2 protein chains.
Amino acid sequence: MDRERKDTDRELIGAWTKRCYFAGRAVMDSALRPYDLGSVQWYVLYQLATAGPTMQRDLVRLLTIERATMTGIVATLVRKGLVGQEPDRVDQRQKLLRITATGAKLWGELPDLSFIRSVAFDGIDEADIAVAVRVLQTATERLENQLQKGTAS
Amino acid sequence: MDRERKDTDRELIGAWTKRCYFAGRAVMDSALRPYDLGSVQWYVLYQLATAGPTMQRDLVRLLTIERATMTGIVATLVRKGLVGQEPDRVDQRQKLLRITATGAKLWGELPDLSFIRSVAFDGIDEADIAVAVRVLQTATERLENQLQKGTAS
DNA sequence: CCAATTTTGCTAGCTACCTAGCAAATACGT
DNA sequence: ACGTATTTGCTAGGTAGCTAGCAAAATTGG
């Protein structure tokens, strides 16, 4: 691999990272559209259906998104009647989320989404995937670190 | 690498792709916030400052986003007075975009953003980056393909 | 030359992300 | 016990993405 190729990959990786993220979301969104569910709404439902009632702030940590973002997603699910939200008994600041009967019924009707991962990665060398994960993880950690420094000023 | 590790990487790559994309955008957004510019607004300005006046629909293809998304971004830049938008002489459907004097002035004041790529990828083996690009590109192409099929039904 | 099709950009309405700043509740240190 | 932190979730306002459907302009095929 010559020098030019190297430079090109460094320039391309950002664009492909973005495009891959949106392509995956597009397939997921399109599979969920008949059920009027977004990709993150699906994930919240998955968590509540699978692990049982969960504190909103724990879900924030699981998804690594901002509290304000979660507020909106939960509000949508509550409005649709799929999720219940009530203050925790002992810590009144926290909200406990719990899937409703309607939510559980919908969850049971949803298609299996594992085909998405298969479509994307079947047949790709597992070692290559491991390398990709390492690169993405390293870059992410450095960027998040940089953000701390940049914001701290 | 054992079987468990393999499965784990396949489960992780989606999450890290998303997180890496948002981490990069966060650093970019934070560098541009003092100038009241978003990351894609920056890219449009970059294109117009570097390559000269450009047709809106060509920019749509360059960025691989939807026409409706571009409409909004251009509207914002026009509202801020940084970009001019006028119908093309020969094809009245198309809009020609051109950086304004104000836009060019702002462009001249913007900081160099190449530090972002350096922070993220300096010191990472170029061969690993190449592998990551290949994995992301392959997955993206397959997912975009799948979307065609899923939508065509 | 004209009808049908394609291209382009728009609006409306949605998801999902963010920051900034607020208020209430809890935790902590003296 | 009490004042100061910190934690949690909220609102407001902005960016960037999407689909669906419209209207105008251009292209294409008979």
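Because the structure is predicted, anything quoted here is derived from the model rather than measured.
- A salt bridge links A/D122 with B/R10; the closest basic N to acidic carboxylate O contact falls under 4.0 Å.
- For the OP1/OP2 pair of C/dT8 and a distance below 4.0 Å, the side-chain nitrogens and oxygens of B/R61 include at least one atom meeting the criterion.
- Under 4.0 angstrom from either OP1 or OP2 of C/dT7 there lies no side-chain N or O belonging to B/Q94.
- For A/S39, a side-chain nitrogen or oxygen approaches OP1 or OP2 of C/dA16 to under 4.0 Å.
- Within 4.0 Å (heavy atoms only), A/R19 reaches no atom of the nucleic acid at all.
- No engagement by A/Y43 is indicated, since no non-hydrogen atom pair under 4.0 Å with the nucleic acid exists.
- Look at A/Q56 and you'll find a side-chain N or O under 4.0 angstrom from OP1 or OP2 of D/dC10.
- Here D/dG14 presents its C1' atom at 14 Å from CG of B/L77, a figure rounded to the nearest Å.
- For C/dC18, the paired nucleotide is D/dG13, the pair qualifying as Watson-Crick or G-U wobble because both relevant distances are below 3.5 Å.
- A donor-acceptor pair shorter than 3.5 Å cannot be found between the side chains of B/N145 and B/Q148.
- Donor-acceptor pairing under 3.5 Å, judged by distance alone, is absent between the side chain of A/R93 and the base of D/dG9.
- At least one side-chain nitrogen or oxygen of B/K80 sits closer than 4.0 Å to the OP1 or OP2 atom of D/dT15.
- Taking atom NZ on A/K95 and atom C1' on D/dC10, their separation rounds to 8 Å, with Å as the unit.
- Residues A/Q41 and A/T76 are in side-chain contact: their nearest non-hydrogen atoms beyond the backbone lie under 4.5 Å apart.
- Annotation: side chain of B/R61 is in contact with side chain of B/R57 (closest heavy-atom distance under 4.5 Å).
- In this structure, CD of A/Q85 is placed 15 Å from P of D/dT8, rounded to the nearest angstrom.
- Atom CG of A/L147 is separated from atom C1' of C/dC17 by 14 Å (rounded to the nearest Å).
- When heavy atoms are screened at a 4.0 angstrom cut-off, A/A26 is found touching no nucleic acid atom at all.
- In this structure, A/V40 and A/D88 both approach DNA chain C, and ranking their closest nucleotides by distance from the 5' end singles out A/V40.
- Both A/F22 and A/V60 lie close to DNA chain D; mapped to their nearest nucleotides by heavy-atom distance, the more 5′-ward contact belongs to A/V60.
- Between A/K18 and D/dA16 there is no side-chain polar atom (N or O) within less than 4.0 angstrom of OP1 or OP2.
- Where B/I65 and B/D36 meet DNA chain D, the nucleotide closest to each residue was compared, and B/D36 sits on the side nearer the 5' end.
- Looking at B/R57, its side chain has no donor and acceptor atom pair within 3.5 Å of the base of C/dT8.
- At the phosphate of D/dT11, neither OP1 nor OP2 sits under 4.0 Å from any side-chain N or O atom of A/T71.
- The closest side-chain heavy-atom distance from B/L59 to B/M55 is not below 4.5 Å.
- We find that A/K95 and A/D88 are not joined by a salt bridge, their nearest charged nitrogen and carboxylate oxygen being 4.0 Å or further apart.
- Neither OP1 nor OP2 of D/dA16 sits under 4.0 Å from any side-chain N or O of B/T69.
- Taking atom CZ of residue A/R67 and atom C1' of nucleotide D/dT11, one finds them 13 Å apart after rounding to whole Å.
- Whole-Å rounding puts the A/R25 CZ to D/dG17 P distance at 11 Å.
- In terms of position on DNA chain C, the residue among A/L37 and A/Q92 whose nearest nucleotide sits closer to the 5' end is A/L37.
- Side chains of B/V27 and A/R142 form no contact here, defined as non-hydrogen atoms less than 4.5 Å apart.
- Because its glycosidic torsion is more than 90° from 0, D/dA16 is reported here as anti.
- Out of C/dC17, D/dT19, D/dT15, the shortest distance to the side chain of B/E66 is found at D/dT19.
- Per the geometry, CD belonging to B/E86 stands 13 Å off P belonging to C/dG9, to the nearest Å.
- Nucleotide D/dG3 forms a pair with C/dC28, judged by Watson-Crick or G-U wobble geometry with both contacts under 3.5 Å.
- One interatomic measurement links the two molecules: CG of A/L143 to P of C/dC17, which rounds to 18 Å at whole-angstrom precision.
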